[in-house]
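Take a look at the structure below.
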Amino acid sequence: MPKERISRIVVLTGAGISAESGIPVFRGADGLWQGHRVEDVATAEAVAFNRPVVNDFFNKRRREVEKVAPNSAHRALVEWEQACGDDFLLVTQNIDPLHERAGSHNLIHMHGELQRIRCDSCGESAPFFADALAQTLCPVCGRAGGLRPDVVLFGEMPMRMEEVFMALSACDLFVAIGTSGAVYPAAGFVDLANQAGAYTVEINAAETERSPTFHERLTGRAGEVVPDFVASCFKL
């Protein structure tokens, strides 16, 4: 890795980093999310036509993460952020709260957050840790019936993409951790970083279809590889 160029860093994390803490990968090879058809629980259309089913699905996911703890990869990224300050940006595809629990602050949840709720009546989002039921009142406007998970469903646009693109266009180092590289726009982040002249690194349990586009590829469990990689960056 070139020592003289590394100052502004963007890190992307995916399901692989959370899986090591015991959070199951939502979407399997059969196209199901936790035994449900994606069309029934994870699309904008499902919210419109069957909101109770969507909320029930995400209520269960919210309960699943109540006691899950971050792992050594999450903690290593916190140490990296603390060392770099505002020159470090963490972008995650995950909707779980593990990065926050580890202590990350310069963080963008591009697919939303499981522990937030959004109200279609007032358009506002708020922290939320309970079950969203038909009679549950919006924490902001006090109306019932319009709540939905504040997560990006299929057919919806990822969040805060302008900020992410600006950071990628100015970064010196881009690292993708535990992501399949199969879903856009995240799969294209490495291309934007390469175009900006950044050094790019992929850390994953196995090679992906995007692996050839990275300058460096490290294969293994995030909990083992990420702390060693971060430690090596401190020595630059």
Side-chain angles (χ1 to χ4, degrees), residues 9-27 33-34 42 55-118 124-132 136 139-140 147-153 158-160 163-164 167 174-180 183 186 189 201 203-205 218 220-231 233-234:
I9 301 161
V10 177
V11 176
L12 170 70
T13 62
I17 193 170
S18 294
E20 294 183 28
S21 288
I23 294 180
V25 177
F26 273 177
R27 192 174 188 182
W33 276 24
Q34 300 279 300
N55 277 331
D56 181 63
F57 176 80
F58 283 95
N59 289 340
K60 292 175 181 175
R61 307 289 81 77
R62 198 175 294 114
R63 292 195 294 269
E64 286 174 354
V65 303
E66 285 180 356
K67 297 182 180 180
V68 178
N71 58 58
S72 55
H74 295 99
R75 293 191 293 272
L77 293 176
V78 174
E79 293 177 9
W80 205 3
E81 177 189 319
Q82 291 172 344
C84 298
D86 291 339
D87 288 328
F88 180 96
L89 176 65
L90 177 58
V91 182
T92 186
Q93 296 173 278
N94 302 329
I95 62 174
D96 63 65
L98 292 183
H99 284 302
E100 287 91 342
R101 286 180 185 171
S104 292
H105 294 286
N106 296 341
L107 173 65
I108 291 177
H109 277 273
M110 62 179 288
H111 290 157
E113 300 179 53
L114 189 57
Q115 293 185 328
R116 293 188 69 86
I117 204 78
R118 189 159 81 241
E124 296 296 325
S125 166
F128 191 79
F129 305 95
D131 285 352
T136 304
V140 180
L147 296 180
R148 53 153 290 174
D150 192 19
V151 300
V152 175
L153 303 175
M159 301 178 180
R160 300 175 63 181
E163 295 173 63
V164 175
F174 171 69
V175 184
I177 303 170
T179 178
S180 67
V183 180
F189 287 179
V201 181
I203 299 174
N204 216 337
L218 302 173
R221 292 171 55 86
E224 298 170 357
V225 178
V226 173
D228 289 343
F229 177 77
V230 172
C233 290
F234 286 152

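Quick caveat, the model's predicted, so the values are computed rather than measured. Note that these values count all heavy atoms, side chains included, but never hydrogens, waters or copies made by symmetry. Residue numbers start at 1 and run along the sequence shown.
Scanning all heavy atoms of the two residues, the minimum distance from Ser104 to Leu90 falls at OG-CD2, 3.6 Å. Of all heavy-atom pairs between Asn55 and Leu147, the closest is ND2-O, 3.1 Å. Here the closest non-hydrogen pair linking Ala126 and Val140 is CB-CG2, 4.1 Å.
Phe174 is linked by a ring pair (Phe, Tyr, Trp, His ring centres under 6.0 Å) to nothing, counting only residues two or more places apart in sequence or in another chain. Residues that satisfy the side chain to side chain donor-acceptor pair (under 3.5 Å) test with Ser21, not counting sequence neighbours, are Asn71. With sequence neighbours excluded, the residues forming a ring pair (Phe, Tyr, Trp, His ring centres under 6.0 Å) with His74 are His99, listed by chain and number. Taking Glu20 as the reference, Arg221 meet the salt bridge (charged side-chain N to carboxylate O under 4.0 Å, His left out) condition, with sequence neighbours excluded.
Ionic pairing of Glu163 and Arg160 is present here: one or more N-O contacts between side-chain nitrogen and carboxylate oxygen are shorter than 4.0 angstrom.
In this structure, the side chains of Val10 and Phe189 stay at 4.5 Å or more apart for every pair of heavy atoms. Within the 4.5 Å cutoff, the side chain of Arg63 has heavy atoms near those of the Asp131 side chain. Annotation: side chain of Val175 is in contact with side chain of Ile203 (closest heavy-atom distance under 4.5 Å). Between Met110 and Val152, every side-chain heavy-atom pair lies at or beyond the 4.5 Å cut-off. Proximity of Leu114 to Phe128: side-chain heavy atoms (C-beta onward) are nowhere separated by under 4.5 Å.
Figure legend: cation-pi geometry between Arg61 and Phe57, with NZ or CZ positioned under 6.0 Å from the six-membered ring centre and within 45° of its axis.
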One pair to check against side-chain contact (heavy atoms from CB on, under 4.5 Å): Ile177 and Asn204. What are the steps and the verdict?
CA-CA 6 Å; Ile177 303 170; Asn204 216 337; over 6 Å; no
Does Val91 form a side-chain contact (heavy atoms from CB on, under 4.5 Å) with Val11? I'd like the steps, not just the answer.
CA-CA 6 Å; Val91 182; Val11 176; over 6 Å; no
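Screening Val226, Leu98, Leu77 for a side-chain contact (heavy atoms from CB on, under 4.5 Å) with Thr13, the sole residue that qualifies is Leu77.
Between the side chain of Ser72 and the backbone N or O of Gly223, at least one donor-acceptor pair lies under 3.5 Å. Side-chain N or O atoms of His111 include none that pairs as donor or acceptor with a backbone N or O of Pro158 at under 3.5 Å.
For residues 88-117, the salt bridge (Lys or Arg N to Asp or Glu O under 4.0 Å) pairs, not counting sequence neighbours, are Arg116-Asp150. Note on residues 76-86: no pairs pass salt bridge (Lys or Arg N to Asp or Glu O under 4.0 Å), not counting sequence neighbours.
Defined by atom type and a distance below 3.5 Å, a donor-acceptor pair is present between the side-chain atoms of Gln93 and Thr179.
Here the CZ-CD distance, from Arg62 to Gln115, works out to 8.0 Å after rounding to the nearest 0.5 Å. Atom CD1 of Ile117 sits about 11.5 Å away from atom CZ of Phe129, to the nearest 0.5 Å. Summarising the geometry, atom CD1 belonging to Ile9 is positioned 4.5 Å from atom CH2 belonging to Trp80; distances are rounded to the nearest 0.5 Å.
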